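Structure first, commentary second.
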Amino acid sequence: MPVDAVPEKLLNWYDAHHRRLPWRAGPGEPRAAPYRVWLSEVMLQQTTVAAVKSYYAHFTTRWPTVADLAAADEAEVMAAWAGLGYYARARNLIACARAVVNDHGGAFPDSEAGLRTLPGIGDYSAAAIAAIAFGRRAVVVDANVERVTSRLFAFDGPLPVGRPAIRELADRITPDERAGDFAQAMMDLGSSICTVRNPQCLICPLHGDCAARAAGNPEAYPVKAPKKAKPQRRGTAFWIERDGHVWLVRRPAKGMLGGMRALPTGPWTDADPGLAEAPAKADWVEAGSVDHVFTHFALRLRVVTTRKPAPLNEGEWWPIARIEEAGLPTLFARAAARAIAAAQD
DNA sequence: AAGGCGTGGGT
DNA sequence: TACCCAAGCCT
């Protein structure tokens with residue numbers, strides 16, 4: 001099926017129907033600032049537009065330039081990221097801002113290769129920023145592009161092995177001009193029309209060009225390798241209270257929820273660890289448990305509380321009335337809510 | 001290079 | 001309900 005007309009059709013559709021998003025250039029503005037494009041792309045990695053919006057607004061208000069972010073207090077940035085997930089992104093965000101200021105004179109590299117060297121910027125983000133912020137011709141491949149492209153060509157090589165081949169197909173339809181708009185058009189199309197389930201082929205601008213549509217099985221693409229089962233793990237969180245304050249720790253920089261404030265916990269294992277590795281000697285009171293699902297395992301976190309702890313180290317007393325300002329990841333925000341609710345029973 | 005790494009919305 | 005999945009990156 002010939003695809004020569006695909007770029008023009010898609011760009012025409014984009015001109016008429018594209019989403020208005022805070023990080024996109026407004027009318028009369030040719031391109032958004034590289035800092036804003038970069039910030040939005042990092043936030044959008046594996047994350048929905050709806051979830052990103054309020055975080056993007058806060059970050060751009062609190063840190064309007066890359067220099068502001070480079071000079072920011074790390075703990076404040078991590079707390080501002082709390083709830084968005086994939087916290088390595090926040091650590092890399094700070095490292096990247098500092099690299100731009102220290103190694104690139106405060107300006108983002110304007111090429112895909114230059115961007116690719118920065119922390120937290122991989123193949124996708126480098127291509128997206130080069131195309132959207134700098135007008136470069138780059139082949140931008142995210143999950144939307146993989147879905148649209150695999151359907152367009154009825155490409156049935158299973159992911160992730162088939163990924164390089166899909167990139168070749170995407171390269172074939174990427175125009176020399178307006179590659180940034182083309183990429184965003186593919187993503188808008190993927191999010192609104194060429195969806196994972198129930199694609200709206202009847203209103204798709206590429207209806208007549210799509211091999212999967214012609215075959216009547218668009219939902220069959222992309223083909224994916226089977227996924228593994230999620231193990232169930234168990235752990236215990238310790239809510240230690242004194243004079244209206246709770247004891248919080250900071251998790252190690254690497255690993256789950258790395259660098260984030262948290263309630264103390266013991267190890268997360270396949271059996272209930274109980275009170276093993278409690279941070280203090282105390283008479284623990286049950287406060288219930290929280291079930292939380294991560295990318296590669298599910299966790300049942302038992303919450304226990306005390307108001308009379310033995311001495312503690314390496315942590316801080318945080319006012320319970322302002323617990324939402326601690327920047328707890330969602331797991332611990334839920335555990336905290338459980339402890340507070342239990343105290344009122 | 002396969003697996004670690006969050007969360008919330010949709011079906 | 002239980003599952004799927006999202007504008008991926010890093011090691």
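Since the model is a prediction, treat every value here as computed from it, not as a measurement. In what follows, every chain begins at residue 1, and chains take the letters A, B, ... in the order their sequences are listed.
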Inset, instruction - Output yes when at least one side-chain N/O atom of Gln46(A) is less than 4.0 Å from OP1 or OP2 of dG8(C), else no. - result: yes
Inset, instruction - Can you check whether any acceptor in the base of dG6(B) is under 3.5 Å from a donor in the side chain of Thr47(A), or vice versa? - result: yes
Inset, instruction - Just call it for Ala143(A): base, sugar-phosphate, or nothing, with non-hydrogen atoms closer than 4.0 Å on any strand. - result: sugar-phosphate
Legend entry - Gap in Å between the two P atoms, one belonging to dA7(C) and one to dG4(B), rounded: 23 Å
Legend entry - Nearest-nucleotide 5' precedence on DNA chain C, Gly190(A) against Lys254(A): Gly190(A)
Legend entry - Modelled atom types, side-chain donor and acceptor of Arg147(A) and Asn144(A), under 3.5 Å: yes
Inset, instruction - Would you indicate what Asp123(A) reaches in the nucleic acid, counting non-hydrogen atoms under 4.0 angstrom: base, sugar-phosphate, or nothing? - result: sugar-phosphate
Inset, instruction - Assign Gly255(A) to base, sugar-phosphate, or nothing according to its heavy-atom contacts below 4.0 angstrom with the strands shown. - result: sugar-phosphate
Inset, instruction - Assign Pro160(A) to base, sugar-phosphate, or nothing according to its heavy-atom contacts below 4.0 angstrom with the strands shown. - result: nothing
Legend entry - Pro329(A), nearest nucleotide to its side chain (from dT7(B), dG8(C), dA7(C)): dT7(B)
Legend entry - Length of the CE-P vector between Met43(A) and dG8(B), whole Å: 15 Å
Legend entry - Inter-nucleotide C1' distance (dA1(B), dG8(C)), Å rounded: 15 Å
Legend entry - Carboxylate-amine/guanidinium proximity below 4.0 Å for Arg136(A) and Glu112(A): no
Legend entry - Nearest-angstrom distance, C1' atom, dG6(B) to dC4(C): 15 Å
Inset, instruction - Return the orientation label for the Phe294(A) and Trp268(A) ring planes: parallel under 30°, perpendicular over 60°, tilted otherwise. - result: parallel
Inset, instruction - Could you check Arg197(A) against Leu21(A) and say which one's nearest nucleotide on DNA chain C is further toward the 5' end? - result: Arg197(A)
Inset, instruction - Let me know the distance between CD1 of Ile166(A) and P of dG8(C), rounded to the nearest Å. - result: 14 Å
Legend entry - 5' precedence on DNA chain B between Asn198(A) and Gly258(A) (nearest-nucleotide basis): Gly258(A)
Inset, instruction - Remember a base hit wins even if backbone is also touched, and classify Trp23(A) as base, sugar-phosphate or nothing at under 4.0 Å, heavy atoms. - result: base
Inset, instruction - Tell me yes or no: between the side chains of Thr149(A) and Arg167(A), is some donor less than 3.5 Å from an acceptor? - result: no
Inset, instruction - Specify the separation, in whole Å, of atom CG of Asn92(A) and atom P of dC10(C). - result: 6 Å
Inset, instruction - Could you check how far CG of Leu118(A) sits from P of dG8(C), rounded to whole Å? - result: 19 Å
Inset, instruction - Would you mind classifying the nucleic acid contact of Leu84(A) as base, sugar-phosphate or nothing, using non-hydrogen atoms under 4.0 angstrom? - result: base
Inset, instruction - Check whether the ring centres of Trp81(A) and Tyr55(A) lie less than 6.0 Å apart, and answer yes or no. - result: no
Inset, instruction - Report yes if at least one side-chain N or O of His296(A) is closer than 4.0 Å to OP1 or OP2 of dG3(B); otherwise report no. - result: no
Inset, instruction - Take the protein atom CZ of Phe294(A) and the nucleotide atom C1' of dC4(C), then report the distance between them rounded to whole Å. - result: 18 Å
Inset, instruction - Look at the side chain of Val196(A) and decide which nucleotide, out of dT7(B), dG8(C), dC5(C), has an atom nearest to it. - result: dC5(C)
Inset, instruction - For dC10(C), take OP1 and OP2 only and decide whether either is under 4.0 Å from a side-chain N or O of Tyr86(A). - result: no
Legend entry - Thr174(A) side chain to Asp171(A) side chain, donor-acceptor N/O pair below 3.5 angstrom: no
Inset, instruction - Check the distance between dC9(C)'s P and Met256(A)'s CE and give it to me in whole angstrom. - result: 20 Å
Inset, instruction - With side chain to side chain donor-acceptor pair (under 3.5 Å) as the test, would you mind laying out the steps for Tyr124(A) and Glu41(A) before giving the verdict? - result: CA-CA 9 Å; Tyr124(A) 161 77; Glu41(A) 289 301 339; 2.6 Å; yes
Legend entry - Rounded distance (Å) that lies between atom P of dA7(C) and atom OH of Tyr56(A): 18 Å
Legend entry - Short side-chain N/O contact to dG6(B) OP1/OP2 from Arg89(A), under 4.0 Å: no
Inset, instruction - Report which part of the nucleic acid Val293(A) touches: base, sugar-phosphate, or nothing (heavy-atom distance under 4.0 Å, all strands). - result: base
Inset, instruction - Counting heavy atoms from C-beta on, name the nucleotide in dC10(C), dT7(B), dA6(C) closest to the side chain of Thr330(A). - result: dT7(B)
Inset, instruction - Please check if any side-chain donor atom of Glu286(A) sits under 3.5 Å from a side-chain acceptor atom of Trp284(A), or the reverse. - result: no
Inset, instruction - Kindly say if His292(A) contacts the phosphate of dT7(B), meaning a side-chain N or O under 4.0 Å from OP1 or OP2. - result: yes
Inset, instruction - Determine whether any donor atom in the side chain of Arg19(A) lies under 3.5 Å from an acceptor atom in the base of dA7(C), or the reverse, and answer yes or no. - result: yes
Inset, instruction - Mind checking Ser40(A) for me? I need base, sugar-phosphate or nothing, with any heavy atom below 4.0 Å counting as a touch. - result: nothing
Inset, instruction - Identify whether any heavy atom of Ile132(A) sits under 4.0 Å from a base atom; if not, whether one sits that close to sugar-phosphate; answer base, sugar-phosphate or nothing. - result: nothing
Legend entry - Atom pair distance, as rounded to whole Å: CZ in Arg147(A) and P in dG8(C): 10 Å
Inset, instruction - State whether Thr48(A) places a side-chain N or O below 4.0 Å from either non-bridging phosphate oxygen (OP1 or OP2) of dG9(B). - result: no
Legend entry - Residue-phosphate contact under 4.0 Å: Lys227(A) side-chain N/O, dC3(C) OP1/OP2: no
